[in-house]
Amino acid sequence: MTHAHAQPNSMNREVRVALHPRTLERFRNRSGKSVSRVLSDVGMNAMDFRTCLHGGFTLNDVARLADALGTTPRELTTASTVQATADQLRRTPVTREGAR
């Protein structure tokens, strides 16, 4: 998962939301908090956080992260989607229309 789409987890049917790491870092820098402070505020350890980066965050995780970072869940997920889209566009080769 690389962007903020909610997808049900097949094991427990819990909705998981992917958040872009650069978006999280940008909001963390804006909040002025250290990584350890944000994780403490969210109630998550570093290993759980890394697992969520790869498998998605629960809706409760997103809400706690947003609160710890001084934003809203909607702003956090929207910014993640924008970042993921920008990354995808950067990786897409530019071609001229009609070029063969």
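Sequence positions, counted from 1, serve as the residue numbers for this chain.
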*Kindly give the heavy-atom pair with the smallest separation between Ala68 and Asp41, and that separation in Å.*
CB-CB, 3.7 Å
*Under 4.5 Å between any side-chain heavy atoms of Leu53 and Leu24, yes or no?*
yes
*Any ion pair linking Asp67 and Arg64 (charged N to carboxylate O, less than 4.0 Å)?*
no
_Quick check for you: to the nearest 0.5 Å, what is the distance between Asn60 atom CG and Glu14 atom CD?_
7.5 Å
*To the nearest 0.5 Å, tell me how far His20 NE2 sits from Asp87 CG.*
4.0 Å
_Check Glu25 with Arg22, please: is the shortest side-chain N to carboxylate O separation under 4.0 Å?_
no
*State yes or no: do Leu19 and Val82 share one hydrophobic cluster built from I, L, V, M, F, W and Y residues joined by side-chain heavy-atom distances below 4.5 Å, directly or via other members?*
no
*Any chance you could measure Arg30, atom CZ, to Leu69, atom CG, to the nearest 0.5 Å?*
8.5 Å
*asked:* Any non-hydrogen side-chain atom of Arg16 less than 4.5 Å from a side-chain atom of Cys52?
replied: yes
*So, for Pro73 and Ala63, which heavy atoms are closest and what is the spacing to 0.1 Å?*
CG-CA, 3.9 Å
_Minimum heavy-atom separation for Leu76 and Val62, please, with both atom names._
CD2-O, 4.2 Å
*Residues, nucleotides or ligands: over 12 heavy atoms within 6.0 Å of Gln88 CD*: no
_Non-hydrogen side-chain atoms of Leu39 and Asn45 separated by less than 4.5 Å_ = no
*Are more than 12 heavy atoms from other residues, nucleotides or ligands located less than 6.0 Å from atom CZ of Arg26?*
yes
_Thr77 side, atom OG1; Leu65 side, atom CG - distance, nearest 0.5 Å_ = 11.5 Å
*Taking all atoms of both residues into account, what is the closest heavy-atom pair of Ser34 and Arg28, and its distance?*
CA-NH1, 3.8 Å
